[in-house]
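The structure appears right after this line, and notes come after that.
Residue numbers count from 1 along this sequence.
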Amino acid sequence: MRRLLVGLTAVSVLAAATACGSSDDSGGSDGSGSWGTTEVEVGLIPIVDVAPLYLGQKKGFFEKQGLKLSFSSAQGGAAIVPGVVSGQFEFGFSNMTSLLIAQSNDVPVKAVANGIASTGEVGKDFEALTVKGDSPIRSPKELAGKKVAINTLKNINETAVRASVRKAGGDPDEVELVELAFDQMPAALDAGRIDAAMVVEPALATVKSQGGREIASPMIDVAPDLTVAMYFTSAKYAKEQPEAVKKFQAATAESLAYADAHPDEVREIVTTYTKIPADVLAKVTLPKWPAEPNRAGVEELARLGEADGLFRRAPDLDELLP
């Protein structure tokens, strides 16, 4: 939490330095590539989850709404939240726990469009808790005293791993959680530097290609059809540029629907912003991209996060969700 609060404090410092770099016009030439086109920067994680935005940009869905997107990469939602609030990005992609933590700390964020959801099928999800093929570990209950990698501490993957351990009858407080980027997890697992890894695609496909095994589907252990992440903006931008937000929502909704209906095109577009080998990409399990978030699942995430002490106060879902 100390690290989170430091990052959130930095937001106020960053705001003055970066505000001049954001688009503040939803229709004119100021901040636009041409009259009537608004340029917006979106903070993303370079994983399969965000393929709909790249696909929507390619298909012209955002251009049709008068938006031109540019993308910036970050390791996780915890890093993207300060960037959006400071004005470095107009929109961002974040897991729900990062948004819940921000909201509970009075950081002015507003979810505006759905991101991704679990497939709801155990063993066939886009994420998994994995171990090396020859590991003796067969259940999350056996992770006591073991080193388990997650992409960021005190976040959705920690909540999910703890849920799986708890569901299997283990004590999540006995698990040693370590922070590691998703793309570094397969090599670390294969080399034995960690005992288990909470991975998402495409790292999951890489782990499987190395002979790794799944021992749980943690997102599903949190809630069936869990809304894992959403696109969001700052409360300030939402208030000052409501038309730009509406356009982003409309284009994103079209992009999500198109991605859900065209998995082959999703796999193809992923090759443009990741370095996934074609043979691995063909085996990637895609998430679901529903039009609306699953509120019941978000409520369970909030409950678990509160139980684990992630929040300064209970987050206000009515204030956060669209």
Side-chain angles (χ1 to χ4, degrees), residues 41-58 69-81 83-84 89 91-99 113-119 124-130 149-153 155-161 179-189 197-210 212 214 217-220 226-232 252 255-256 259-260 262-263 265-290:
E41 189 161 358
V42 187
L44 299 176
I45 310 167
I47 51 179
V48 172
D49 309 25
V50 298
L53 253 63
Y54 285 90
L55 197 54
Q57 179 90 316
K58 179 182 178 181
L69 305 187
S70 59
F71 304 120
S72 293
S73 295
Q75 183 170 321
I80 294 173
V81 168
V84 170
F89 313 130
F91 298 96
F93 177 85
S94 173
N95 70 81
M96 291 311 303
T97 299
S98 282
L99 294 179
N114 205 22
I116 61 163
S118 161
T119 65
K124 296 181 180 180
D125 203 10
F126 74 97
E127 52 75 34
L129 184 55
T130 61
I150 55 177
N151 70 319
T152 51
L153 296 170
N155 225 300
I156 191 169
N157 284 305
E158 178 168 340
T159 295
V161 168
E179 195 170 274
L180 194 64
F182 285 127
D183 61 1
Q184 296 175 25
M185 291 182 189
L189 188 63
M198 173 62 185
V199 291
V200 300
E201 295 289 13
L204 176 55
T206 302
V207 167
K208 289 179 178 178
S209 73
Q210 296 173 171
E214 296 186 30
S217 299
M219 296 299 179
I220 297 174
L226 177 67
T227 295
V228 177
M230 293 185 70
Y231 295 96
F232 71 102
T252 299
S255 300
L256 293 172
D260 231 17
H262 298 84
E265 290 187 48
V266 167
R267 296 177 197 279
E268 182 179 349
I269 200 74
V270 171
T271 64
T272 66
Y273 64 92
T274 71
K275 298 178 181 179
I276 312 171
D279 58 333
V280 174
L281 186 58
K283 300 173 184 177
V284 163
T285 299
L286 300 179
K288 294 294 184 183
W289 287 293

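- The heavy-atom pair separating I150 from M198 by the smallest distance is CG2-CB, 3.9 Å.
- Between the T285 side chain and the K124 main chain, no donor and acceptor come within less than 3.5 Å of each other.
- The residues E214 and K208 are annotated as salt-bridged, a charged nitrogen and a carboxylate oxygen being separated by less than 4.0 angstrom.
- Every residue two or more places apart in sequence or in another chain was checked for a salt bridge (charged side-chain N to carboxylate O under 4.0 Å, His left out) with E268, and none qualifies.
- With respect to M219, the side chain to side chain contact (heavy atoms under 4.5 Å, CB included) criterion is satisfied by exactly one of T159, N157, L129: N157.
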Ring pair (Phe, Tyr, Trp, His ring centres under 6.0 Å) between F91 and Y231, intermediate numbers included: CA-CA 7 Å; F91 298 96; Y231 295 96; 8.8 Å; no

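- Counting only distance, with no hydrogens or angles, the side chain of E201 and the backbone of A205 share a donor-acceptor pair below 3.5 Å.
- In summary, the side chains of D125 and S118 do present a donor paired with an acceptor at a separation below 3.5 Å, with no hydrogens or angles considered.
- Under a 3.5 Å cut-off, the side chain of W289 and the backbone N or O of D49 do form a donor-acceptor pair.
- Taken from OG1 in T227 to CE in M96, the straight-line distance is 7.0 Å, to the nearest 0.5 Å.
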side-chain hydrogen bond (donor to acceptor under 3.5 Å, both in side chains) evaluation trace for N155 with S98: CA-CA 6 Å; N155 225 300; S98 282; 2.9 Å; yes

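- A149 pairs by the side-chain contact (heavy atoms from CB on, under 4.5 Å) definition with V178, L180, M185, I194, A197, not counting sequence neighbours.
- Judged by distance alone, the side chain of E41 and the main-chain N or O of S72 form no donor-acceptor pair under 3.5 Å.
- Remark: P290 pairs with N114, A117, K288 by the side-chain contact (heavy atoms from CB on, under 4.5 Å) rule, at least two apart or across chains.
- Q57 contributes a side-chain N or O that, together with a main-chain N or O of L69, makes up a donor-acceptor pair within less than 3.5 Å.
- In this structure, the side chain of Y54 does not engage the main chain of F71 through any donor-acceptor pair within 3.5 Å.
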